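Note that the structure is a prediction, hence the values are computed from the model and not measured.
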Amino acid sequence: MRAHLARIDAVLVQALIAAALSFAHIHDIAMAAGQDGWKAWAYPISVDLLLVAAWRRLRSGTAKAAAWCWFVIALTASLGANVATAGLLDMTDVPAWLRILVAGWPAVAFLGGTLLAHSAPKTATEENGTELIDDQGHEPEARSDPPAQPATESPSLASPIPVPVALVDHARKVAAEHHTRTGAPIDAPTLRTRLGVPAPLAEAIAARL
């Protein structure tokens with residue numbers, strides 16, 4: 001138990017040190033970029049809040065792509081301030097692009113915080129509750145069973161195939177032409193070939209000739 005508490009205390013101390021140093025560095029960058037007074041103190045708070053919001057979204061397990069994006073943006077702002085104040089930047093002559101970034105940061109942080117805090121998807125409990133409300137407010141639709149398929153009739157008991165009158169008239173002309181040319185009545189296979197119809201329909205037409 002004591003070892004666990006010591007490990008937690010060490011983590012908390014390390015987190016406090018890192019937060020204090022990062023807070024001071026962002027404050028110094030804001031001061032150098034012309035944001036003096038209370039505004040210089042608001043900048044590190046804005047960066048830390050965006051980091052916390054992104055971390056909470058990562059821990060929730062939803063929309064991780066957006067959470068990682070804003071987490072990297074906030075972490076870059078924090079690390080950038082730490083590196084810049086380590087002697088790599090002339091604090092008395094801040095470049096114009098850095099002034100622009102510092103001036104535009106509040107809008108970026110507000111956008112990120114709003115998207116992270118107010119666009120969370122529904123939890124499983126909320127979805128289940130919605131489904132229960134729908135089930136209570138609407139009666140389930142009756143499922144109708146598919147109609148039973150009639151039993152296949154044998155060829156001898158099958159109903160006769162309907163044949164259009166126009167097709168029968170055309171078949172009579174084809175049969176007459178065949179009889180004139182060959183001297184024999186036309187059969188069902190030949191009629192099927194000449195008319196281009198299925199075999200059952202050709203037989204039905206031949207029966208009516």
Taking distance alone, no hydrogens or angles, what donor-acceptor pairs closer than 3.5 Å link side-chain atoms of residues 37-55 to residues at least two apart or in another chain?
{"residue": "Tyr43", "atom": "OH", "partner": "Val102", "partner atom": "O", "Å": "2.8"}
{"residue": "Ser46", "atom": "OG", "partner": "Trp105", "partner atom": "NE1", "Å": "3.2"}

With sequence neighbours excluded, give me every ring pair (Phe, Tyr, Trp, His ring centres under 6.0 Å) pair touching residues 65-98.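 Passing the test, one end in residues 65-98: Trp68-Phe71.
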
Is [X] linked to [Y] within one hydrophobic cluster, defined over Ile, Leu, Val, Met, Phe, Trp and Tyr using a side-chain heavy-atom separation of less than 4.5 Å?
{"X": "Leu111", "Y": "Leu116", "answer": "yes"}
{"X": "Phe23", "Y": "Met31", "answer": "no"}
{"X": "Val94", "Y": "Met91", "answer": "yes"}

Value rounded to 0.5 Å, distance of NE2 in His27 from OG1 in Thr85: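 Those atoms lie 12.5 Å apart.
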
Taking side-chain contact (heavy atoms from CB on, under 4.5 Å) as the definition, give me every residue that meets it alongside Ile17, ordered by chain and number, with sequence neighbours left out.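 In terms of side-chain contact (heavy atoms from CB on, under 4.5 Å), with neighbours along the sequence ignored, Ile17 is linked to Val13, Leu21.
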
Could I get the full list of side-chain contact (heavy atoms from CB on, under 4.5 Å) partners for Pro189, not counting sequence neighbours?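 In terms of side-chain contact (heavy atoms from CB on, under 4.5 Å), with neighbours along the sequence ignored, Pro189 is linked to Asp187.
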
Minimum heavy-atom distance between Ile26 and Ser78, given as atom pair plus value: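 Reported closest heavy-atom pair: CD1-CA, 4.1 Å.
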
Arg99 atom CZ, over 12 foreign heavy atoms within 6.0 Å: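 Enclosed: over 12 neighbouring heavy atoms sit under 6.0 Å from CZ of Arg99.
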
For His25, ring-ring contact (aromatic ring centres under 6.0 Å, His included) partners two or more places apart: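 Listed in chain order: nothing, the list is empty.
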
With a 3.5 Å cut-off and sequence neighbours excluded, list the donor-acceptor pairs that the side chains of residues 173-186 form with protein atoms.
{"residue": "Glu177", "atom": "OE1", "partner": "Arg194", "partner atom": "NH1", "Å": "3.4"}
{"residue": "Glu177", "atom": "OE1", "partner": "Arg194", "partner atom": "NH2", "Å": "3.3"}
{"residue": "Glu177", "atom": "OE2", "partner": "Arg181", "partner atom": "NE", "Å": "3.3"}
{"residue": "His178", "atom": "NE2", "partner": "Thr182", "partner atom": "OG1", "Å": "3.4"}
{"residue": "Thr180", "atom": "OG1", "partner": "Ala176", "partner atom": "O", "Å": "2.9"}
{"residue": "Thr182", "atom": "OG1", "partner": "His178", "partner atom": "O", "Å": "2.6"}
{"residue": "Thr182", "atom": "OG1", "partner": "Ala184", "partner atom": "N", "Å": "3.4"}
{"residue": "Thr182", "atom": "OG1", "partner": "Ala184", "partner atom": "O", "Å": "3.4"}

